[in-house]
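Report on one structure; see the data block that follows.
Throughout, a chain's letter reflects where its sequence line sits, starting with A, and its residues are numbered from 1.
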Amino acid sequence: MTSINVRVDGASYSDDVEPRTLLVHYLREQLGKVGTVVGCDTSNCGACTVHLDGNAVKSCTVFAVQADGSEVTTIEGVGSADALHPVQKAFHEMHGLQCGFCTPGMIMASIDLLQENPSPSETEIREGIEGNLCRCTGYQNIVRAVQQAAGELSGSAGQA
Amino acid sequence: MTVTEDAATLAPAKEVGQPRRRKEDARLITGRTTWTDNMVLNGMLHLAVVRSPVAHARITGVDVSAAQQAPNVVAVLTGRDLAAEQGSIPCAWPVTADMVNPGHPSIAVDQVNHVGEAVAIVVGRTKAAATDAVELVDIDYELLPPVLDMETAVQDGADLVHDELESNTSYHFVFDAGEAGTGVDTEQAFADAEVVVSRRLVQQRLIPAFMEPRSVVVQPQGDNFTMWSATQIPHVLRVMLAMVTGVPEHKLRIIAPDVGGGFGGKLQVNPEEVLALLVARRLGKPVKWTETRSESLMAAHHGRGQVQFIDIASDRQGNVKGLRVRLLADMGAYLRLITPGVPALGAFMFPGIYKFPAYRFECDGVFTNKVPTDAYRGAGRPEATFAIERIMDELAVELDMDPLELRRKNWIGAEEFPFTTVAGLEYDSGDYEQATQKALDLLGYDELRAEQKRRRESNDPVQLGIGFSTFTEMCGLAPSRVLGSLSYGAGGWESASIRMLPTGKVEVVTGSTPHGQGHETAWSQLVADQLGVPFEDVEVLHGDTAVSPRGMDTYGSRSLVVGGTAVVKAAEKVVAKARKVAAHLLEASEDDLEFADGKFSVRGTPGAAVGIQEIALAVFAAHNYPEDVEPSIDAEATFDPVNFSFPHGTHLCAMEVDTDTGMVKIRKYACVDDVGTVVNPLIVEGQIHGGLAQGIAQALYEEAVYDADGNLTTGSFVDYLVPSAADLPHFDTANTVHVAPGNPIGAKGVGEAGCIASTPAVVNAALDAVRHLGVSDILMPLTPERVWRAIHEGGDGGARAAAGTNAYGGAQTESTAGVSTPQSSLGGDR
Ligand code: FES
Ligand code: FES
């Protein structure tokens, strides 16, 4: 067992974890952050995507111990029902989800994409979320959602 | 009169037809979800399944002692331990009276028949403890020859999957239009025909690959059991589990919480669901099993898997005269819930939208040492649509005729509906010409044909092709009597009830079980219109046999058509009951009441009105209501359709084929679907998109590949190529609307349309691009290697190279665009 200290969605946690524990399992099983999900065992699907110190990672590719001293943001920490993140709002408005299983990871990946490229082209969006699989939507409305969020985020940045 | 006019302007817009944003999104976009794997119960134990590493073998020894000693392992159970109580996974569809069903143990006892079959279960205090101990279970196998190829398996003297059976054939199903009286004699039609074209087509095995892995939690409480499962079919599952395990039905409650996609893949009574229930019963403790993706790909049922021999007959002018279909349908090792029924359901769709005078269909269900097949989006209809749309193109080539002209010449005219086909189905409504015209415009057909000509003349290495799929499908499963006549084990009705709460809010209970389709939103729209209450005042309850006691669940594009209709019928009953109370409260005759926008008003007496939501409170208080009625306006309804519904559409694909590299790229995809009345255009478009992605993926990317020993070589998402956003094009979609006459909503069903229609459009497009180079077929998926081989070496591109070789179908980062896409910002390591 190894002791770790992490901040997750704004709260601090000190825990003992097995060295082999993946970050996604730590989040789900020890912290009850079940908004973040597991879709595969080969790091292909992106369903588990969270932000580690501000950057998107597939949390099934990171050991919990590697997050020691870090700040983790999950889908549960990016916005709330009353104050949705613009990307969450855009997924809702553009119908960018159906079953919603890929959605937490897809939203976290999209936020990261827009941080790096605030006005991506359609091709850049498609390639930027290539590491996240969705079986339901055919991606077109996810692309629309990211485009809409890009517009909203750059608009508000402009006003600020 | 002013009052009336004001009321009219203020009247809420009709909900049906509005692109309402979905109610279910609120929890899904914020991570406040209830996936089965999220469930934690006190004292819960975790199951890990030991699975067969070999395709076909006798089990000669099982040693679980080491595993039993492992830390935090509570029990290890083998097939022998559970043999007496496990029964057989049920098969609800004995398609012929003499169908052979060898039975399907949930856990192997003496013999394994496919890689991934359960042979032991480790029960641990943690998931890690159970999983670690899987390695310690020692099983001896005496290998048997694996039976993998259907065409070999049906030969005399072939090795047998089940050596107690006489052959590998489960059943021989025949539909003959001549014998059924729906067509003329097929053999005669072929004997008389001027032109006959025959092809052997292959429908590869696919994996449904829902994103949420299967998961089940069982909680025993005295002699009761509650099961949470990632299932499409909580109601069917309850009945079947009761029959299989002997747990009385009324002691079993099934809950499908948030379910992350199904596509037919969760239309099953899974071995692991049976096993979880048996283990929970035996140990008296709550248990959880959640699969890994690799387990899912290997052990959850697959779809498709057919070899199709198709003959089409016509005269020289292109008037079709007959269709003959012989199928070998891969059952896999066992028959699961509707394994044998999938190809039989397809039997009725092979004639497509064309007026064949003669039709004969024969299908052999064939056992192989692979995981069983069963429903996957479309279930039988994509296979049929692929065959007919491919063979129409082949006939057009043979006749040197434009493929669209050939289709036009033979399809059912708009004025001919309702039209009874040679397969005996009564197509309800539509206009194939209108949908096709609209699709041609959407695609920019003439320009693309001109470009194709230019590229051909200049011998451009990148050739262009255009592919058609003018399709229909049967939806709204299903009229119970028809299912009965097809020997299906259940009906096709759906149930709904409406509870009018004292504060005027409305609870709608549906027997249809969503897993991404948006029932909560669409049903709210239906009820808001029917009852004249605000959309926000409606809550839709589903997916729990204790909450929604009657249901037939979700598959076959049936939810809106059948389940939505049950909701409408229940609402009509609520209004009828409320009318009596309103008459009493308003001291008027029922006949003088008008119901509009949620209010009963008395004709000719301005101001005398009472709202249905107020009536809900009045009957709750029950101080003042008519003597001859009960103090409730709640109602329930069960709807059993009398016919299927028949969505149709025209799908067009323009495809670039790089003849130097074999890379294919969808240049443009346009489709016009007629799904009847559109309740929510946002949801309908989303369903089409998702279906297109899966249908295109069959054509270009996906295949469950087994090696010569029966190992699944596409056993992870590294090798089973579910397309990413970079692998799919933009879709141009539109609708025509021909209302379905068979239900009051007028909807036809949309869940499977895109998936059924798109595959042949894509393959026809690729072939159209390279046909002048002598290519007449390429096996799916159209990997660059296969396309290149077909162009440069002839034939159909050949079987797929084995995994691990360089020739193995393109890595995901080589998208269809033919560009090597940069690693995504996530370190896209696909
Ligand atoms: S669960 Fe992490 S990428 Fe699939
Ligand atoms: S919405 Fe179901 S997997 Fe993306």
- Message: Report which part of A:Ile107 has an atom under 4.5 Å of a heavy atom belonging to chain B: side chain, backbone, both, or neither.
- Response: side chain
- Item | Any side-chain heavy-atom pair of B:Met211 and A:Cys45 under 4.5 Å | yes
- Task: Output all residues satisfying side-chain contact (heavy atoms from CB on, under 4.5 Å) with B:Ala26, sequence neighbours left out; order by chain, then residue number.
- Result: none
- Item | B:Pro19, part contacting chain A, at a heavy-atom distance under 4.5 Å | neither
- Query: Which answer fits A:Thr103, side chain, backbone, both or neither, if we ask what part of it has an atom under 4.5 Å from a heavy atom of chain B?
  - Reply: side chain
- Task: With a 4.5 angstrom heavy-atom cut-off, could you sort out which part of B:Leu692 is near chain A: side chain, backbone, both or neither?
- Result: neither
- B:Ala699: what forms a side-chain contact (heavy atoms from CB on, under 4.5 Å) with it, not counting sequence neighbours? B:Thr759, B:Val762, B:Val763, B:Met780
- Query: What part of B:Ile688 is in contact with chain A, defined as an atom under 4.5 angstrom from a non-hydrogen atom: side chain, backbone, both or neither?
  - Reply: neither
- Query: So, A:Glu130 side chain and B:Ser724 main chain: donor-acceptor pair closer than 3.5 Å or not?
  - Reply: no
- Heavy-atom proximity to chain A below 4.5 Å, by part of B:His515: backbone
- Message: Is B:Val40 in contact with chain A via its backbone, its side chain, both, or neither, using a 4.5 Å heavy-atom distance?
- Response: neither
- Query: Are the side chain of A:Arg126 and the backbone N or O of B:Leu728 linked by a donor-acceptor pair below 3.5 Å?
  - Reply: yes
- Shortest non-hydrogen contact from A:Leu84 to B:Thr30? CD2-CG2, 3.8 Å
- Say whether, by atom type as modelled, one donor and one acceptor occur between the side chain of B:Arg293 and the main chain of A:Asp41 under 3.5 angstrom. no
- Measuring heavy-atom distances to chain A, does B:Glu24 have an atom under 4.5 Å in its side chain, in its backbone, in both, or in neither? neither
- Decide yes or no for B:Arg32 and A:Glu76: does some side-chain heavy atom of the first lie under 4.5 Å from some side-chain heavy atom of the second? yes
- Note on the structure: Honestly, the part of B:Asp37 sitting under 4.5 Å from a heavy atom of chain A is both
- Under 4.5 Å, heavy atom to heavy atom: which of residues 23-34 of chain A reach chain B? Give them by number, or say none. A:Arg28, A:Val34
- What part of A:Glu124 is in contact with chain B, defined as an atom under 4.5 angstrom from a non-hydrogen atom: side chain, backbone, both or neither? neither
- Honestly, the part of A:Val38 sitting under 4.5 Å from a heavy atom of chain B is backbone
- Item | Whether A:Gln140 side chain and B:His689 backbone form a donor-acceptor pair below 3.5 Å | no
- Item | Donor-acceptor contact present, side-chain A:Arg135 to main-chain B:Gly260, <3.5 Å | no
- Message: Give me each pair satisfying ring pair (Phe, Tyr, Trp, His ring centres under 6.0 Å) with a member in residues 101-146 of chain A, each pair once, sequence neighbours excluded.
- Response: A:Phe101-B:Trp35
- Task: For B:Arg21 and A:Glu93, indicate whether the former's side chain and the latter's backbone hold a donor-acceptor pair under 3.5 Å.
- Result: yes
